[in-house]
Q: 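Submitted below is the structure of interest, expressed as structure tokens.
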Amino acid sequence: MPRRGEFRVSVTKDYLVFASAHFITFAGHRCEGLHGHNYRARVTVEGALDEESWFVFDFVILKRIMRRLCDDIDHKVLLPLENPKLQVVEAEESVTVAYEGKPRYRFPRSDCVLLPIPNTTVEMLAELLATRLRGELEAMGARGMTAIEMEIEENFGQSAVYRVALP
Ligand SMILES: [Zn+2]
């Protein structure tokens with residue numbers, strides 16, 4: 001019997017967190033000071049049921065991938081590479097950050113992750129993690145999924161959601 005409804009599965013776990021430092025720039029000439037959050041990720045995958053297992057996707061695999069994506073940016077300073085107001089320069093042992101041309105921070109290289117985003121807002125982090133998850137799923141040949149939704153919370157009750165439909 002064909003099923004008319006749709007299915008989705010979600011995971012959010014105690015370990016799908018990353019405690020990271022960041023700052024964002026605002027419109028005009030305002031830039032936050034460095035601070036941190038205990039970010040939490042929640043991912044939802046929508047799609048057709050796998051014909052043999054009767055699930056949309058294997059929770060174990062989804063949790064494993066998400067844990068790795070969170071661990072990659074855990075206990076790091078998150079720096080955006082595509083912000084026209086920030087100049088992030090990598091050297092062998094350090095990363096220097098200037099805001100509108102004025103030197104602002106110098107971090108040990110190993111404490112930083114440089115991200116291909118314009119600002120480390122929860123919106124951009126949600127899109128980045130969704131894109132990385134999508135890449136992992138495609139690389140492993142996962143099929144049948146119709147959408148990924150990624151929620152990143154930076155404080156209790158304060159989060160952004162990014163949703164992408166898959167072709
Ligand atoms: Zn913040």
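The shown structure was predicted, so the numbers you read here are calculated from the model rather than taken from an experiment. Atoms within each ligand, like the ligands themselves, are counted from 1 in listed order.
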Q: With 2.8 Å as the threshold, which protein atoms of type N, O or S lie near the Zn ion (ligand 1)? Leave waters out.
A: His22 NE2, His35 NE2, His37 NE2
Q: Does the distance from a Lys or Arg side-chain N to an Asp or Glu carboxylate O, for Arg163 and Glu46, drop under 4.0 Å?
A: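 The answer is yes: the pair qualifies as a salt bridge.
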Q: Kindly write out the residues that satisfy side-chain contact (heavy atoms from CB on, under 4.5 Å) with Leu34, not counting sequence neighbours, or none if the list is empty.
A: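 Here the qualifying residues are Ala21, Phe23, Val77, Tyr105, Phe107.
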Q: Charged N to carboxylate O under 4.0 angstrom, Arg68 versus Glu136?
A: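 Yes, charged N to carboxylate O under 4.0 Å.
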Q: Is there a donor-acceptor pair closer than 3.5 Å between any side-chain N or O of Asn83 and the backbone N or O of Pro118?
A: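 Yes, the answer is positive, given that a donor and an acceptor are paired below the 3.5 Å cut-off.
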Q: Any carboxylate oxygen within less than 4.0 angstrom of a Lys/Arg side-chain nitrogen, looking at Arg109 and Glu90?
A: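 Salt bridge present between Arg109 and Glu90.
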Q: Is Ile73 reachable from Leu86 through a run of hydrophobic residues whose side-chain heavy atoms are each under 4.5 Å from the next?
A: no
